[in-house]
Amino acid sequence: MLDTLKEKTGLKVQENVPLKNLTTIHIGGNARYFIEARDVHELLAVAKTVVELGVKFFILGGGSNLIISDSGFEGVVIKNESGDMSIESNEVMVDSGIKLPVLIRKLAELDMGGLEFLCGIPGTLGGAVVNNAGAFGDSISNHIKSVTILDHKGEVRIVLKNDLQFGYRSSIFKQISEHEKRGIILRVRLILRKGAREEIARKINNYLRLRADQPKGLSCGSYFKNPKIELIEKEWEQVVKDGRIPAGYLLEQINAKGRRDGAVFVSPKHANWIINKGKGKAEEVKRLAESLKAEVDRRFGIQLEEEVEYIGFD
Ligand SMILES: Cc1cc2nc3c(=O)[nH]c(=O)nc-3n(C[C@H](O)[C@H](O)[C@H](O)COP(=O)(O)OP(=O)(O)OC[C@H]3O[C@@H](n4cnc5c(N)ncnc54)[C@H](O)[C@@H]3O)c2cc1C
């Protein structure tokens with residue numbers, strides 16, 4: 001396999017590469033095969049190869065929404081480092097591997113705004129599309145025109161926003177559990193606004209100030225999605241927004257803050273953040289998450305669903 005991957009991609013292929021430091025929670029075993037795509041042409045070459053060979057793979061962006069198993073991933077991990085962009089009027093075509101803070105800064109330098117609400121999120125544009133990343137009442141789907149993907153049949157296609165089935169922290173990509181059937185996002189066409197640089201900088205600073213209050217430490221940010229509820233209890237009226245109750249609120253009611261399993265614990269500051277003290281294991285995170293889910297279900301009859309994705313647990 002190693003030689004085939006090398007030959008077909010023309011790129012460096014490494015074996016048994018530790019993944020934990022490539023995730024924000026610093027947890028996870030090794031990738032059996034690891035290939036870094038430094039631009040969109042390399043990403044396409046690797047993507048075509050893995051699709052053609054029919055091997056197990058996943059794209060690793062910023063690793064900020066992933067819990068990778070302690071035994072690692074028995075397939076090809078494609079680390080997406082692509083990051084070029086081109087501007088056509090108020091539309092920008094951006095490679096999927098660009099880090100969100102870098103993208104927002106580069107756009108600001110060009111007097112283009114609209115994505116400031118995403119600053120402070122340590123992921124890539126591709127990961128943000130998959131998760132329909134959002135904050136402060138806005139989400140990336142509101143700014144997307146289309147994405148260019150390599151589909152699971154090996155064809156490059158442009159998919160318009162309306163066909164991407166965006167929802168709360170969800171997209172067509174996330175709804176398909178097998179990574180091999182999802183398609184690989186190569187580029188994203190964003191619709192942005194021309195704006196005054198000072199005004200954009202002011203917004204960025206504002207959002208960063210609001211984020212400064214978030215828990216510190218190794219994490220994936222919010223662990224569970226805010227569940228949709230049909231029946232709103234009287235005492236929930238103040239916290240329910242758009243038919244969703246904050247997972248953090250429910251977890252607080254079961255006194256989850258500070259709960260621990262081995263070297264991972266629930267942030268004492270925010271009940272929906274699971275933090276790794278440093279030597280945490282995926283097994284501990286998963287067990288802690290399962291116990292929190294079970295308790296919320298017992299107490300409220302509400303099933304929490306992970307916002308993070310599990311990799312390599314099958
Ligand atoms: C401190 C902190 C704060 C956060 N705040 C927020 C927040 O406010 N709002 C929010 O929505 N999220 C937040 N997150 C979660 C996370 O950062 C986002 O979901 C982010 O968009 C994930 O991007 P990523 O590149 O890290 O994806 P990864 O974690 O690397 O991957 C996530 C999924 O996307 C897939 N993927 C990535 N790139 C591609 C591609 N090019 N093609 C196909 N599939 C791809 C991966 O295979 C995987 O399935 C936060 C996380 C942290 C650690």
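Counting starts at 1 for both ligands and their atoms, following the listed order.
The backbone and the side chain of Ile59 each have at least one atom closer than 4.0 Å to an atom of ligand 1 (non-hydrogen atoms only). Under 4.0 Å from ligand 1, heavy atoms of Thr124 appear from its side chain as well as its backbone. In Ser139, neither the side chain nor the backbone holds a heavy atom less than 4.0 Å from any atom of ligand 1. The part of Val130 lying near ligand 1 is the side chain, judged by heavy-atom distances below 4.0 Å. Here Ile121 has side-chain heavy atoms under 4.0 Å from ligand 1, and that is the only part of it that gets that close. Contact annotation: for Arg211 versus ligand 1, heavy atoms closer than 4.0 Å belong to the side chain alone. With a heavy-atom cut-off of 4.0 Å, Leu43 does not touch ligand 1 at all. At a heavy-atom distance under 4.0 Å, only side-chain atoms of Ser96, from C-beta outward, approach ligand 1.
Atoms of ligand 1 found under 4.0 Å from any heavy atom of His179 (numbered from 1 in listed order, with element): 47 (O), 48 (C), 49 (O). With ligand atoms numbered from 1 in the order given, ligand 1 contributes 11 (O), 19 (O) to contacts under 4.0 Å with heavy atoms of Asn131. Close approach to Arg182 involves these atoms of ligand 1, each under 4.0 Å from a residue heavy atom: 49 (O). Annotation for ligand 1: atoms under 4.0 Å from non-hydrogen atoms of Ala128 are 21 (O), 23 (O).
A donor-acceptor pair under 3.5 Å is formed between the side chain of Lys161 and the backbone N or O of Ser141. Of the possible donor and acceptor atoms, one in the side chain of Arg182 sits under 3.5 Å from a partner among the backbone N and O of Phe173. With hydrogens and angles disregarded, no donor-acceptor distance shorter than 3.5 Å links the side chain of Tyr168 to the backbone of Lys228.
Heavy atoms of Lys174 stay at 4.0 angstrom or farther from ligand 1. A heavy-atom separation below 4.0 Å is not found between Lys99 and ligand 1.
Salt-bridge check for Arg259 with Glu295: passed, with a basic side-chain N closer than 4.0 Å to an acidic carboxylate O. A salt bridge links Lys257 to Glu252: at least one charged side-chain nitrogen sits closer than 4.0 Å to a carboxylate oxygen.
By the 4.5 Å heavy-atom criterion applied to side chains, Ser64 and Pro122 are counted as neighbours. Counting heavy atoms from C-beta on, the side chains of Leu150 and Val51 come closer than 4.5 Å. Between Leu164 and Val159 the shortest side-chain heavy-atom distance falls below 4.5 Å.
With hydrogens left out, the protein atom closest to atom 50 (C) of ligand 1 is Cys220 O, 3.9 Å, a heavy atom. At the top of the distance list for atom 16 (C) of ligand 1, counting protein heavy atoms only, stands Ser64 OG, 3.2 Å. Residue, atom and distance of the protein heavy atom nearest to atom 24 (P) of ligand 1 are Gly62 N, 3.4 Å. Protein heavy atom nearest atom 12 (N) of ligand 1, with residue, atom name and distance: Glu307 OE2, 3.8 Å. Closest to atom 41 (N) of ligand 1, if we only count protein heavy atoms, is Ile185 O, 3.0 Å.
Shown here for Ile275 and Ser219, the closest heavy-atom pair between the two residues is CG1-CB, 4.3 Å.
Taking only nitrogen or oxygen atoms, main chain and side chain alike, Phe58 does not reach within less than 3.5 Å of ligand 1.
No option in Thr148, Asp84, Asp95 other than Asp95 meets the side chain to side chain donor-acceptor pair (under 3.5 Å) test with Arg187.
The cationic atom of Lys277 (NZ for Lys, CZ for Arg) does not lie both less than 6.0 Å from the six-membered ring centre of Phe265 and within 45° of the ring axis. A cation-pi contact, defined as under 6.0 Å to the ring centre and within 45° of the axis, is absent between Lys293 and Phe224.
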